[in-house]
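Please read the structure below before turning to the comments.
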Amino acid sequence: MDEYIKGFMDENDISFYEFFENHKLKILSKNKEYNDLKSKKRKIYDKYPEIMHLIEDSVPMTFDVEKVQAFDELQTICSMMDKIEVKEAYKLGAKESYIYMQYMDMLKI
(Lines give C-alpha, C1' and ligand atoms only; values in the text may rest on other atoms or scores of the structure.)
Protein backbone atom coordinates (compact mmCIF):
# COMPACT_ATOMS: atom_id res chain seq x y z
CA MET A 1 0.00 0.00 0.00
CA ASP A 2 2.83 2.44 0.77
CA GLU A 3 4.20 2.04 -2.75
CA TYR A 4 0.79 2.72 -4.28
CA ILE A 5 0.34 6.05 -2.50
CA LYS A 6 3.85 7.26 -3.20
CA GLY A 7 3.42 10.49 -5.11
CA PHE A 8 5.39 12.62 -7.51
CA MET A 9 6.46 14.91 -4.69
CA ASP A 10 8.21 11.89 -3.17
CA GLU A 11 9.88 11.11 -6.49
CA ASN A 12 11.23 14.60 -7.17
CA ASP A 13 14.54 13.33 -8.50
CA ILE A 14 12.90 12.57 -11.86
CA SER A 15 10.89 14.77 -14.17
CA PHE A 16 7.12 14.60 -14.17
CA TYR A 17 7.25 13.25 -17.72
CA GLU A 18 9.39 10.31 -16.59
CA PHE A 19 7.16 9.81 -13.56
CA PHE A 20 4.07 9.73 -15.78
CA GLU A 21 5.68 7.42 -18.35
CA ASN A 22 6.68 4.97 -15.60
CA HIS A 23 3.16 5.08 -14.18
CA LYS A 24 1.65 4.67 -17.64
CA LEU A 25 3.82 1.66 -18.44
CA LYS A 26 3.00 0.01 -15.14
CA ILE A 27 -0.76 0.59 -15.33
CA LEU A 28 -1.36 0.22 -19.06
CA SER A 29 0.66 -2.99 -19.29
CA LYS A 30 -2.14 -4.56 -17.22
CA ASN A 31 -4.96 -3.09 -19.36
CA LYS A 32 -6.27 -5.75 -21.77
CA GLU A 33 -8.05 -3.29 -24.07
CA TYR A 34 -4.94 -1.13 -24.37
CA ASN A 35 -2.72 -4.15 -25.06
CA ASP A 36 -5.15 -5.43 -27.72
CA LEU A 37 -5.06 -2.03 -29.44
CA LYS A 38 -1.26 -1.98 -29.24
CA SER A 39 -1.16 -5.42 -30.84
CA LYS A 40 -3.45 -4.32 -33.69
CA LYS A 41 -1.26 -1.26 -34.24
CA ARG A 42 1.86 -3.43 -34.39
CA LYS A 43 0.19 -5.77 -36.92
CA ILE A 44 -0.64 -2.86 -39.20
CA TYR A 45 2.93 -1.59 -38.98
CA ASP A 46 4.25 -5.09 -39.72
CA LYS A 47 1.96 -5.55 -42.71
CA TYR A 48 2.38 -2.00 -44.04
CA PRO A 49 5.79 -0.61 -43.04
CA GLU A 50 5.21 2.25 -45.49
CA ILE A 51 2.57 3.62 -43.12
CA MET A 52 5.06 3.61 -40.27
CA HIS A 53 7.57 5.49 -42.46
CA LEU A 54 4.91 8.04 -43.36
CA ILE A 55 4.06 8.68 -39.70
CA GLU A 56 7.51 8.50 -38.15
CA ASP A 57 9.68 9.91 -40.95
CA SER A 58 7.15 12.09 -42.83
CA VAL A 59 8.10 10.32 -46.05
CA PRO A 60 5.49 11.15 -48.73
CA MET A 61 4.03 8.10 -50.41
CA THR A 62 1.25 7.01 -52.70
CA PHE A 63 -1.14 4.53 -51.16
CA ASP A 64 -3.62 2.19 -52.73
CA VAL A 65 -7.12 1.75 -51.27
CA GLU A 66 -6.02 -1.08 -48.97
CA LYS A 67 -3.27 1.01 -47.38
CA VAL A 68 -5.58 3.99 -47.00
CA GLN A 69 -8.05 1.77 -45.14
CA ALA A 70 -5.23 0.44 -42.95
CA PHE A 71 -4.09 4.01 -42.24
CA ASP A 72 -7.65 4.96 -41.30
CA GLU A 73 -7.87 1.96 -38.97
CA LEU A 74 -4.52 2.91 -37.45
CA GLN A 75 -5.76 6.45 -36.75
CA THR A 76 -8.83 5.02 -35.00
CA ILE A 77 -6.65 2.69 -32.92
CA CYS A 78 -4.30 5.53 -31.94
CA SER A 79 -7.28 7.69 -30.97
CA MET A 80 -8.66 4.93 -28.75
CA MET A 81 -5.23 4.43 -27.14
CA ASP A 82 -4.98 8.17 -26.51
CA LYS A 83 -8.35 8.16 -24.74
CA ILE A 84 -7.21 5.36 -22.44
CA GLU A 85 -3.98 7.25 -21.70
CA VAL A 86 -5.89 10.46 -20.92
CA LYS A 87 -8.12 8.58 -18.47
CA GLU A 88 -5.01 7.28 -16.74
CA ALA A 89 -3.55 10.79 -16.63
CA TYR A 90 -6.76 12.03 -15.02
CA LYS A 91 -6.71 9.28 -12.42
CA LEU A 92 -3.03 9.93 -11.69
CA GLY A 93 -3.77 13.64 -11.28
CA ALA A 94 -6.59 12.91 -8.85
CA LYS A 95 -4.32 10.59 -6.87
CA GLU A 96 -1.51 13.16 -6.80
CA SER A 97 -3.94 15.86 -5.68
CA TYR A 98 -5.16 13.67 -2.82
CA ILE A 99 -1.61 12.83 -1.74
CA TYR A 100 -0.62 16.51 -1.83
CA MET A 101 -3.68 17.61 0.17
CA GLN A 102 -3.02 14.87 2.71
CA TYR A 103 0.63 15.94 2.96
CA MET A 104 -0.41 19.58 3.47
CA ASP A 105 -2.92 18.44 6.14
CA MET A 106 -5.80 19.91 4.13
CA LEU A 107 -8.16 16.94 4.44
CA LYS A 108 -9.23 17.54 8.02
CA ILE A 109 -12.75 18.86 8.25
Side-chain angles (χ1 to χ4, degrees):
M1 183 69 173
D2 287 337
E3 183 180 325
Y4 179 74
I5 63 170
K6 197 172 194 180
F8 174 70
M9 301 301 270
D10 300 320
E11 298 284 335
N12 59 14
D13 60 325
I14 60 174
S15 73
F16 182 76
Y17 179 78
E18 288 176 292
F19 177 75
F20 180 69
E21 285 299 310
N22 290 337
H23 173 78
K24 191 170 76 170
L25 288 173
K26 184 169 69 173
I27 297 300
L28 294 178
S29 68
K30 299 173 189 172
N31 184 316
K32 182 179 178 357
E33 180 185 8
Y34 189 83
N35 287 325
D36 290 345
L37 291 168
K38 215 165 124 176
S39 177
K40 287 179 184 178
K41 181 180 173 181
R42 195 174 310 113
K43 286 178 184 176
I44 291 173
Y45 279 166
D46 289 345
K47 187 172 181 179
Y48 305 105
E50 304 89 0
I51 293 174
M52 183 176 65
H53 293 299
L54 171 68
I55 292 170
E56 293 183 3
D57 305 327
S58 300
V59 176
M61 300 182 179
T62 304
F63 287 162
D64 59 16
V65 174
E66 184 180 352
K67 290 178 185 167
V68 169
Q69 290 172 339
F71 182 78
D72 183 52
E73 182 182 354
L74 180 66
Q75 294 303 328
T76 301
I77 289 168
C78 289
S79 175
M80 293 169 72
M81 290 174 73
D82 287 344
K83 286 178 184 177
I84 294 170
E85 290 176 9
V86 167
K87 285 180 185 177
E88 284 306 318
Y90 176 80
K91 290 190 266 183
L92 177 62
K95 180 190 110 179
E96 288 298 315
S97 177
Y98 175 80
I99 291 170
Y100 179 74
M101 286 189 282
Q102 186 178 31
Y103 174 76
M104 297 300 291
D105 206 21
M106 297 168 65
L107 297 176
K108 293 184 179 174
I109 297 176

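Here the CD1 atom belonging to Ile77 is positioned 13.5 Å from the NZ atom belonging to Lys38, to the nearest 0.5 angstrom. From Ile27, atom CD1 reaches atom NZ of Lys91 across 7.5 Å, with rounding to the nearest 0.5 Å. Rounding to the nearest 0.5 Å gives a distance of 7.5 Å between OG1 of Thr76 and CD of Glu73. Distance check, rounded to the nearest 0.5 Å: CD of Gln69 to OH of Tyr48 gives 8.5 Å. Note that the OH atom of Tyr45 and the CD1 atom of Ile51 stand 8.5 Å from one another [nearest 0.5 Å]. Met80 CE to Glu85 CD: the interatomic distance, rounded to the nearest 0.5 Å, is 13.0 Å.
Under a 4.0 Å N-O distance rule, the pair Lys32/Asp36 qualifies as a salt bridge.
A donor-acceptor distance shorter than 3.5 angstrom exists from the side chain of Ser29 to the backbone of Leu25, with no hydrogens or angles considered. Side-chain N or O atoms of Asn22 include one that pairs as donor or acceptor with a backbone N or O of Glu18 at under 3.5 Å. Although no hydrogens or angles enter the test, the distance criterion places a donor-acceptor pair under 3.5 Å between the side chain of Asn31 and the main chain of Glu33.
Using a 4.5 Å heavy-atom cutoff, the side chains of Lys47 and Arg42 are not in contact. Side-chain contact check for Leu37 versus Ile84: some heavy-atom pair is nearer than 4.5 Å.
Nearest approach of Ile55 to Leu74, heavy atoms of both residues: CD1-CD2, 3.3 Å. Of all heavy-atom pairs between Ile44 and Ala70, the closest is CD1-O, 3.9 Å. Closest approach of Leu107 and Met101 over heavy atoms only: CD2-CB, 3.8 Å.
Cluster membership check: Val59 shares its hydrophobic cluster with Met52, using side-chain heavy-atom separations under 4.5 Å among Ile, Leu, Val, Met, Phe, Trp and Tyr. Transitive grouping of hydrophobic side chains (ILVMFWY, heavy atoms separated by less than 4.5 Å) keeps Tyr90 and Val86 in distinct clusters.
No more than 12 heavy atoms of other residues, nucleotides or ligands lie within 6.0 Å of OH in Tyr98, so this atom counts as exposed by the packing criterion.
No donor-acceptor contact under 3.5 angstrom links the side chains of Tyr34 and Glu88, judged on distance only.
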